[in-house]
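In this text, all values refer to a predicted model and were calculated from it rather than measured experimentally.
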Amino acid sequence: MSTLAVYPGSFDPLTNGHVDIIARGARLFDRIVVAVAANAEKSPLFTTTERVEITRAVFAEMKNVEVDAFDGLLVDYVQRRQAQVIVRGLRAISDFEYEFQMALMNRRLKDTVETIFMMPAEQYSYISSRLIKEVFSLGGRVHGLVPDMVEERLRQKVTRR
Ligand code: PNS
């Protein structure tokens, strides 16, 4: 039986921490679906379509990585896809409480789905999409922390405003 994992998130925007987790997941599981949450944030910087398009472009060469969008409950999406595993990244202790709550709630909603936590490489352990947006919008350098395509798209967004 092949193992399908779902890596859900807002990805607004995709960071190199996400990229690192996806690459690790792609080595561990037969297939990994990056599931972009359509309505996780009230006013995202990038539309769902943009977030999917960027992630697809970044992983175009990795054949066992699929990128999709979902709305509604994550466990319903996981069940629809017949996946066995939810992957989440854990950066620091501060992530743990929120992740623990989500994992246990998801287990209560669907007992057969396991959540697996993976740690990104340490150089990405402090990066978050929220910090990237804040630093970039205030003129800070995010080079090396996000894929080049994300950096370019951030530049386009910010100059268009
Ligand atoms: O990248 P994020 O914002 O930390 O991802 C959070 C996400 C999208 C995984 C979470 O908000 C989610 O699962 N949303 C779908 C709705 C849902 O199932 N909520 C209950 C989670 S216990």
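Under the 3.5 Å distance criterion, the side-chain polar atoms of Arg31 are left unmatched by any main-chain donor or acceptor of Lys63. No donor-acceptor distance shorter than 3.5 angstrom exists from the side chain of Glu114 to the backbone of Val85, with no hydrogens or angles considered. Distance alone, capped at 3.5 Å, is enough to place a donor-acceptor pair between the Asn64 side chain and the Asp30 backbone. Side chain of Lys133 to main chain of Asp12: a donor-acceptor pair is present (N/O by atom type, distance under 3.5 Å, no hydrogens or angles). Between the side chain of Arg51 and the backbone N or O of Ser10, at least one donor-acceptor pair lies under 3.5 Å.
With rounding to the nearest 0.5 Å, the separation of CD in Glu99 from OG1 in Thr115 is 8.5 Å. Interatomic distance, CE of Met119 versus CG of Asp95, reported as 12.0 Å (0.5 Å rounding). Interatomic distance, CE of Met102 versus CG of Leu109, reported as 12.0 Å (0.5 Å rounding).
When each of Glu151, Glu50, Glu152 is paired with Lys157, the salt bridge (charged side-chain N to carboxylate O under 4.0 Å, His left out) condition holds for Glu50 and for no other. With Val36 as the partner, the side-chain contact (heavy atoms from CB on, under 4.5 Å) test is satisfied by one option alone out of Val67, Thr49, Leu14: Val67.
More than 12 heavy atoms of other residues, nucleotides or ligands sit less than 6.0 Å from atom CE of Met118.
We find that Arg24 and Asp20 are joined by a salt bridge, their nearest charged nitrogen and carboxylate oxygen being less than 4.0 Å apart.
Partners of Thr3 under the side-chain hydrogen bond (donor to acceptor under 3.5 Å, both in side chains) rule, at least two apart in sequence or in another chain, do not exist in this structure. Contacts of Arg81 classified as side-chain hydrogen bond (donor to acceptor under 3.5 Å, both in side chains), with partners at least two apart in sequence or in another chain: Glu66, Asp68, Tyr77.
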> What do the steps show when you test Leu28 against Val87 for side chain to side chain contact (heavy atoms under 4.5 Å, CB included), and what is the final call?
Replying inline: CA-CA 11 Å; Leu28 200 59; Val87 170; over 6 Å; no

